[in-house]
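First the structure, in the form of structure tokens, and then the observations on it.
No experiment lies behind these values; they were computed from the predicted model shown.
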Amino acid sequence: MENVLNFTGAPNSSFTTSEKSGWEPNYVITIHYTVTAIICLIGILGNILVIIVTSTKRSSKTAVHKYIFNLAVADIGVLAISYPLICVKAADPFNWPLRKVVCKVFNPFSDIFYSASIGSIVAIAIDRHTAIVRGMSAHRSLSVAKWVILGVWLSGFIAVVTPLYFVVEYIEKNGTIYCTSEWSSRLARNIYLVSLTFLGYVLPLGLILWAYRQIASQIRASKMLHSRITGMCRTREAKMMKRTDAANMKALNILVPVVVAFAVTMFPFHAFRMASPFVRVGRWRYHWIVYNICIVLLSSNSAVNPIIYSLVSREFRQRLKDALRFKCPRLFPEP
């Protein structure tokens, strides 16, 4: 019986549940669940505030705000739905305590929140690239955003969730209930795992780094041109370019920490998953501890974004204070 190490699955293992509990000390389990509970609570509350701030700010309805809104929704799904299912599966990989419909339907479907979160971060990077480097208008970018968001969710469902519906099985045998993945062959399972790592980490990170490199080059070139114009004469065009450069740098300063957090928190999980098809990690004494650390880091990516917005953006901090103080007139400004 093999468990696929996808977002919601537990790692492949050749030992029993009792051996697992013996290899993971009680204090480690206590620390693990305490830390994860704090992360989920902070993340859910923080992303709810992000949704409130981005949905009520009428004066700046931009594509970036829609992507951030979508990212917050996906992150809430990760913390409130996907991560609890991970904990249920990891607590006892060989005895599924929930019903068959949860195993066959909701458990595979929960992976869509991870893919939507990753897709939203990529969409933000590409949107900033098209706006800054290619000069796409704000109105055009806003109209495209709706279709991009729809595409993010549909592509995640097709690429990540759909294959699981063909392999996830609910099996009752000798008083034990399994919710596991029955692949036709080890090769098919390994191809799926490698594809998830490529589509969920390597390709998105490559696109994001490419976009930000182009953005940084454009901003650097724009600053040089601005300096030349200012040196010749102080014109209206020079002042407009200065404001544009400041706005572009502001957007870049907010998004760079989000990308760094994505790269750092996602890497251990994907490295662990890539190693699982080729290394019998189940025979390693502390592999469950390492696995739980990877999962905690993976889920912390969904909780850290509101903190980044608060630390980097003064405007977001002010809107957040207004939301916390229930200052409705400031949250809903007159047009």
Side-chain angles (χ1 to χ4, degrees), residues 1-24 29 32-33 36-37 40 74 77-117 156-197 200 269-270 272-277 280-283 287-296 298-299 302:
M1 196 74 66
E2 292 183 350
N3 296 314
V4 62
L5 184 59
N6 63 328
F7 285 124
T8 58
N12 297 316
S13 177
S14 59
F15 53 83
T16 65
T17 306
S18 60
E19 287 176 318
K20 171 187 176 296
S21 60
W23 287 0
E24 195 172 29
I29 298 174
H32 169 225
Y33 285 111
T36 53
C40 288
V78 169
L79 297 171
I81 299 176
S82 301
Y83 190 69
L85 289 174
I86 291 177
C87 292
V88 169
K89 189 67 177 281
D92 192 349
F94 307 103
N95 190 21
W96 180 253
L98 305 178
R99 294 182 178 273
K100 181 178 181 179
V101 65
V102 178
C103 171
K104 297 278 290 184
V105 179
F106 293 103
N107 189 39
F109 183 79
S110 64
D111 280 5
I112 197 173
F113 296 111
Y114 283 100
S115 61
S117 177
F157 180 81
I158 294 172
V160 179
V161 178
T162 302
L164 294 177
Y165 282 132
F166 293 98
V167 297
V168 172
E169 297 291 342
Y170 181 85
I171 302 172
E172 297 184 44
K173 184 178 180 181
N174 299 328
T176 301
I177 301 176
Y178 299 94
C179 180
T180 187
S181 301
E182 294 288 344
W183 293 88
S184 58
S185 65
R186 181 177 293 271
L187 177 61
R189 181 181 69 95
N190 292 347
I191 291 175
Y192 177 73
L193 295 182
V194 172
S195 299
L196 280 185
T197 297
F269 174 81
H270 286 285
F272 189 91
R273 184 167 62 184
M274 285 298 294
S276 64
R280 297 298 298 272
V281 293
R283 299 183 180 276
H287 104 278
W288 274 101
I289 298 176
V290 175
Y291 172 75
N292 286 330
I293 292 174
C294 294
I295 294 297
V296 168
L298 178 72
S299 299
S302 297

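Applying the side chain to side chain contact (heavy atoms under 4.5 Å, CB included) test between Tyr170 and each of Ile177, Asn107, Val101, Leu98 identifies Ile177 as the sole match.
Side-chain atoms of Ser117 do not come within 3.5 Å of backbone N or O of Phe113 as any donor-acceptor pair. When atom types are taken as modelled, the side chain of Ser82 and the backbone of Ser110 share a donor-acceptor pair closer than 3.5 angstrom. Side-chain N or O atoms of Tyr192 include one that pairs as donor or acceptor with a backbone N or O of Val160 at under 3.5 Å.
Atoms CZ and OH, on Arg273 and Tyr291 in that order, are 10.0 Å from each other to the nearest 0.5 Å. Rounded to the nearest 0.5 Å, atoms CG (Leu164) and NZ (Lys104) are 11.0 Å apart. The CZ atom of Phe272 sits 12.5 Å away from atom OG1 of Thr197, with the distance rounded to the nearest 0.5 Å. Rounding to the nearest 0.5 Å gives a distance of 12.5 Å between OH of Tyr114 and CG of Leu196.
Side-chain contact check for Ser299 versus Thr36: every heavy-atom pair is 4.5 Å or farther apart. Between Cys294 and Leu298, the closest side-chain pair of non-hydrogen atoms is not below 4.5 Å. Counting heavy atoms from C-beta outward, Phe109 and Val102 have side chains that stay 4.5 Å or more apart. Looking only at side-chain heavy atoms (C-beta outward), Met274 and Val194 come within less than 4.5 Å of each other.
Contact detail for Pro84 and Val78: the closest heavy-atom pair is CD-O, 4.3 Å.
Not counting sequence neighbours, the partners of Cys103 by the disulfide (SG to SG under 2.5 Å) test are Cys179.
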Requested in this report: Take Tyr165 and Val105, measure what side chain to side chain contact (heavy atoms under 4.5 Å, CB included) needs, and give me the verdict at the end.
Outcome: CA-CA 7 Å; Tyr165 282 132; Val105 179; 4.3 Å; yes

Requested in this report: Could you check Ile81 against Phe106 for side chain to side chain contact (heavy atoms under 4.5 Å, CB included), going step by step and ending with a plain yes or no?
Outcome: CA-CA 9 Å; Ile81 299 176; Phe106 293 103; over 6 Å; no

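Other residues, nucleotides and ligands contribute only 12 or fewer heavy atoms inside 6.0 Å of the CZ atom of Phe166.
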